[in-house]
Amino acid sequence: MNAKTNAEKEWLRKMTTGRVVENPTPKPCNGFGDVAGMDELKQLVTEGFINVLNNQECAKAYGITPPSMLFYGPAGCGKTFFAEKIAEEVGINFMKIVPDDLASTLIHGTQEKIGEVFRKAERKAPTLIFFDEFDAMVPRRTNDDHNYQNGEVNEFLCMLNNAAERGVYVLAATNHPERIDKAVLRTGRIDEMIYVDMPDSKARESLFRLELSKLPVAEDVDFVKLADLTKGYNCSDISYIIKVASRKMFNASIKEKEQPYKVITQSLLEETIAHQSPSVTSRELKEFERVRSEFSPMDKGRQHVAIGFH
C-alpha cells in the first residue's frame, strides 16, 4: 500500500474523530448552471447583487450596495439551493446559518452567538450570510415574551442595520414571513421580499432534463409529458421521483448484472409519479397565496416580486 500524504492522514484523522469540516475533494462550483429555470430570479439577483459586487467602483459612484433579501413561499421550491448557488456565482465567502446554530442553554447565549456570526462574517468580508428558517430566529415579539427573547430579536435588528456597508450581505428564507417580527422587514434590514413560487410547466421540464442528464436514461423519454404529469409538484418532489426511479434501475442492474446499466424509462417514471403525491397540498397553496397577498402591498418602491420557475 502506498504511503498516505499528510493531507490524507489529516482527513482520515478528522473522519475518525467526527470533525470533518470540508470534503477533501471539493465539489465543482457551477453556480446558476445547476439551477433549472428561475430565469427571472437569476436576472433580478444578477442585476441587484452580482453586478454590484463585480463592479464596485461603478456601484460606489451611484451609491449602490447589494440589497438584503428574503425569499419566501412554499417549501421545496429551491430557496436554500438557490442561495448556495448565488455564492458560487459571485465567488465570495458563504455562511449558512440554521436555527440550531444559534441555540444556547444560557440566558443571552443566543444573543451572543448572533453577534459573533456577524462579526465573523465581517472579518471574512465580503461574505454572504444565508439564514434558513428565518422565522424561527426573529419571531414576532409580544408582551408575553421573555426579555432574553426580545433581546435576541433586538440583536438581529442591530446587526442587520446596513450590514452591506460592512461587506456583509444577508439573504434569508422562510415558508412563513407572517411569523417574522415586523421591525426586521423594514428597509435597511430586509430590503426586498421575493416570493418563490411553485415551478411551472417549463421549469418542471427543465428540472427533469437537468436531473436525468446525469443518469442512464432512455433516449425516448418525453420530458414535456413528465412536466404535465407533475403539475402541483415542487422541485423536491421531482428530485425524489427521479431518485426512486434510479433506485429501482440500480437494483435491477445489480440483480441481473447487466452491463451497460439498465436505463430509466418513460414508463418507470410515469409509474413512479403515479405513486408519489405532491408534498404541498392545494389547501396549503391557498394559504401561501393569502400570505403573499398580505405582504405584496407593503412598501411602494420595494422589490417585491413573485418569482416562479420560467
Side-chain angles (χ1 to χ4, degrees), residues 23 25-47 49-50 71 73-91 94 96 128 130 132 171 173 194-253 260-280 305-310:
N23 190 322
T25 307
K27 294 180 180 179
C29 297
N30 299 320
F32 288 167
D34 289 335
V35 181
M38 302 182 91
D39 294 335
E40 190 178 348
L41 181 53
K42 290 175 187 173
Q43 181 181 351
L44 178 67
V45 171
T46 298
E47 292 178 353
F49 186 86
I50 295 171
F71 292 165
C77 290
K79 296 184 288 294
T80 301
F81 179 73
F82 192 81
E84 294 169 352
K85 295 303 165 182
I86 292 174
E88 288 182 10
E89 191 73 18
V90 78
F94 178 75
K96 178 182 176 182
L128 174 62
F130 174 62
D132 206 0
L171 177 59
I194 300 168
Y195 185 81
V196 181
D197 208 344
M198 297 285 284
D200 65 10
S201 179
K202 288 183 179 179
R204 296 193 300 275
E205 179 185 342
S206 295
L207 191 56
F208 273 112
R209 288 184 183 277
L210 183 64
E211 293 282 335
L212 289 171
S213 67
K214 309 166 189 174
L215 306 172
V217 63
E219 294 181 359
D220 61 349
V221 167
D222 187 341
F223 296 101
V224 174
K225 185 176 182 183
L226 293 175
D228 290 340
L229 291 172
T230 49
K231 183 178 180 179
Y233 290 69
N234 63 22
C235 302
S236 298
D237 294 334
I238 292 171
S239 293
Y240 187 70
I241 287 165
I242 294 169
K243 286 179 181 177
V244 171
S246 295
R247 192 184 306 130
K248 287 183 178 179
M249 285 299 96
F250 159 74
N251 283 297
S253 292
Y261 303 126
K262 295 178 75 67
V263 297
I264 299 168
T265 63
Q266 176 76 17
S267 59
L268 175 59
L269 289 165
E270 290 186 18
E271 177 187 342
T272 307
I273 292 168
H275 288 87
Q276 180 71 26
S277 300
S279 57
V280 181
V305 190
I307 301 291
F309 293 60
H310 301 286

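The shown structure was predicted, so the numbers you read here are calculated from the model rather than taken from an experiment.
Within the 3.5 Å criterion, the main-chain N or O of Lys243 finds no donor-acceptor partner in the side chain of Lys248.
Residues satisfying the ring pair (Phe, Tyr, Trp, His ring centres under 6.0 Å) criterion with Phe49, sequence neighbours excluded, are Tyr169. Listed by chain and number, the residues in a side chain to side chain contact (heavy atoms under 4.5 Å, CB included) with Ala87 are Phe94, Leu128 (sequence neighbours excluded). Take Glu89 and apply the salt bridge (charged side-chain N to carboxylate O under 4.0 Å, His left out) test, not counting sequence neighbours, and it matches no residue. Partners of Lys231 under the side chain to side chain contact (heavy atoms under 4.5 Å, CB included) rule, at least two apart in sequence or in another chain, are Arg204.
Between Phe71 and Tyr195, the distance separating the two ring centers is not shorter than 6.0 angstrom.
Atoms CD1 and CZ, from Ile86 and Phe130 in turn, are 9.0 Å apart once rounded to the nearest 0.5 Å. Interatomic distance, Ile194 CD1 to Lys79 NZ, rounded to the nearest 0.5 Å: 12.0 Å. With rounding to the nearest 0.5 Å, the separation of CZ in Phe223 from CG in Asp228 is 13.5 Å.
Across Ala227 and Glu205, no two heavy atoms sit closer than the pair CB-N, 3.7 Å. Taking every heavy atom of both residues into account, Leu210 and Lys214 meet most closely at O-CE, 3.6 Å. Closest heavy-atom contact between Cys77 and Val196: O-CG1, 3.8 Å.
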What side-chain donor-acceptor pairs closer than 3.5 Å can you find for residues 234-241, not counting sequence neighbours?
| unit_1 | atom_1 | unit_2 | atom_2 | d |
| --- | --- | --- | --- | --- |
| Asn234 | OD1 | Ser236 | N | 3.1 |
| Asn234 | OD1 | Asp237 | N | 2.8 |
| Asn234 | ND2 | Ala75 | O | 2.9 |
| Asn234 | ND2 | Ser279 | OG | 3.1 |
| Asp237 | OD1 | Ser279 | OG | 2.8 |
| Asp237 | OD2 | Asn234 | N | 3.1 |
| Asp237 | OD2 | Ser279 | N | 3.1 |
| Asp237 | OD2 | Ser279 | OG | 3.2 |
| Ser239 | OG | Cys235 | O | 3.2 |

Check residues 267-275 and write down every donor-acceptor pair under 3.5 Å in which the side-chain atom is one partner and the other belongs to a residue at least two apart or another chain.
| unit_1 | atom_1 | unit_2 | atom_2 | d |
| --- | --- | --- | --- | --- |
| Ser267 | OG | Thr265 | OG1 | 3.2 |
| Glu270 | OE2 | Lys225 | NZ | 3.1 |
| Glu270 | OE2 | Gln266 | NE2 | 2.8 |
| Thr272 | OG1 | Leu268 | O | 2.8 |
| His275 | ND1 | Glu271 | O | 2.8 |

